[in-house]
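Let me begin by presenting the structure, written as structure tokens, before commenting on it.
What you see is a predicted model, and the numbers here were worked out from it, not measured in a lab.
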Amino acid sequence: MRLSLGFLLIAISIVLAGSVTIKTVVFPGESSNTYVEMVPQKPLNLRAFTLCMRVATELTGRREIILFAYRTRDFDELNVWRELDGRLSFYLSGEGVIFKVPELGPLETHLCFTWDSGSGAATLFMDGRRSSTKIYKKGHAVRSGGKVILGQDPDSFLGGFDASQSFVGEICDVNMWDSVLSDSTIRDMSSMSSVPSGNVFDWESTELKVNGNVEVVNREL
């Protein structure tokens, strides 16, 4: 009886494992009007954050790529970029902090950016591997009241898009917390052995508002 129960539990586990799906946002080409707005679960009034996502893109060469944009009416509060030379960066209302890491490519990469206002500590994690710490914007605060979008860099409130900076490829698993997660938690997330829910953005439940030529597809993990 115990043997039969054991096989039954294994079978159930396999079935459940095969039924797990995740939504993925696909941007098929350059555009000046295609984007996805993410609706936060709480205001982005932040003195610390962890922002994670999975990204794949075939864009190469000297081209900026916007990965995440949060703008209020007057300021770019938090923008994440792939720079012209392939480095990754994020900007909080002004000059940014830049990380020299392997370039993004067509194979999916798990990225996490962390920042704490109290110390100014800023780090990047790529597939669970941690960058050196940089000190950036100590004492700063991210202000609420804006819009978060994927796919475009808004130079005005939900406008002023430039096709040459737009994202082309796939983005998924975008989660955000109003605290700095531990290194071990981020490593677990990168391998999908543990996926805690973000309390600012939880990818599984966050509302997505699609604009233009973009597709939201489901894929099995």
Side-chain angles (χ1 to χ4, degrees), residues 22-25 27 33-55 65-81 88-97 110-125 133-161 165-167 171-183 185-186 189 194-212 214 216:
I22 187 170
K23 60 179 180 283
T24 299
V25 180
F27 297 89
N33 60 8
T34 292
Y35 66 91
V36 173
E37 180 185 348
M38 298 179 63
V39 180
Q41 296 163 215
K42 61 189 300 185
L44 275 74
N45 184 13
L46 306 173
R47 299 192 67 84
F49 64 78
T50 301
L51 172 62
C52 300
M53 65 189 74
R54 297 183 189 275
V55 178
I65 306 173
I66 187 72
L67 301 178
F68 178 96
Y70 170 50
R71 182 181 173 87
T72 56
R73 292 202 174 272
D74 299 313
F75 298 98
D76 291 325
E77 291 288 338
L78 169 57
N79 281 8
V80 178
W81 288 92
L88 297 179
S89 61
F90 68 86
Y91 294 74
L92 300 176
S93 302
E95 293 297 316
V97 58
H110 184 252
L111 301 174
C112 286
F113 300 85
T114 71
W115 173 76
D116 176 70
S117 176
S119 63
T123 56
L124 164 65
F125 291 77
T133 299
K134 301 195 175 188
I135 303 303
Y136 173 65
K137 293 277 188 168
K138 186 175 180 179
H140 180 74
V142 178
R143 291 162 287 199
S144 60
K147 299 282 188 181
V148 170
I149 65 172
L150 305 176
Q152 297 286 348
D153 171 37
D155 291 331
S156 60
F157 199 58
L158 279 186
F161 301 142
Q165 295 176 326
S166 64
F167 179 81
I171 298 180
C172 70
D173 209 14
V174 182
N175 292 281
M176 189 176 197
W177 297 260
D178 59 1
S179 62
V180 174
L181 300 184
S182 68
D183 291 12
T185 298
I186 293 174
M189 274 196 294
S194 175
V195 185
S197 298
N199 66 345
V200 180
F201 289 108
D202 174 12
W203 185 247
E204 290 306 305
S205 59
T206 293
E207 180 185 355
L208 302 179
K209 297 181 179 180
V210 175
N211 295 267
V214 59
V216 179

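Screening residues 195-207 for salt bridge (charged side-chain N to carboxylate O under 4.0 Å, His left out) gives no qualifying pairs among residues at least two apart or on separate chains.
Here the CG-NE2 distance, from L46 to H140, works out to 9.5 Å after rounding to the nearest 0.5 Å. Rounded to the nearest 0.5 angstrom, N175 CG and M189 CE are separated by 7.0 Å.
A salt bridge links E37 to K147: at least one charged side-chain nitrogen sits closer than 4.0 Å to a carboxylate oxygen.
Considering only residues two or more places apart in sequence or on other chains, S117 meets the side chain to side chain contact (heavy atoms under 4.5 Å, CB included) condition with R47, W115. Partners of K42 under the salt bridge (Lys or Arg N to Asp or Glu O under 4.0 Å) rule, at least two apart in sequence or in another chain, are D178.
The shortest distance between side-chain heavy atoms of D173 and M53 does not fall below 4.5 Å. Annotation: side chain of S179 is in contact with side chain of L181 (closest heavy-atom distance under 4.5 Å). Residues S166 and F161 fail the side-chain proximity criterion, which asks for heavy atoms closer than 4.5 Å.
Annotation: F90 is in aromatic contact with F49 [ring centroid separation under 6.0 Å].
Residues N79 and D153 bring a donor and an acceptor atom of their side chains to less than 3.5 Å of each other. Inspection of the T114 and T123 side chains reveals an N or O donor paired with an N or O acceptor under 3.5 Å.
D116 approaches A48 most closely through the heavy-atom pair OD1-CB, 3.9 Å.
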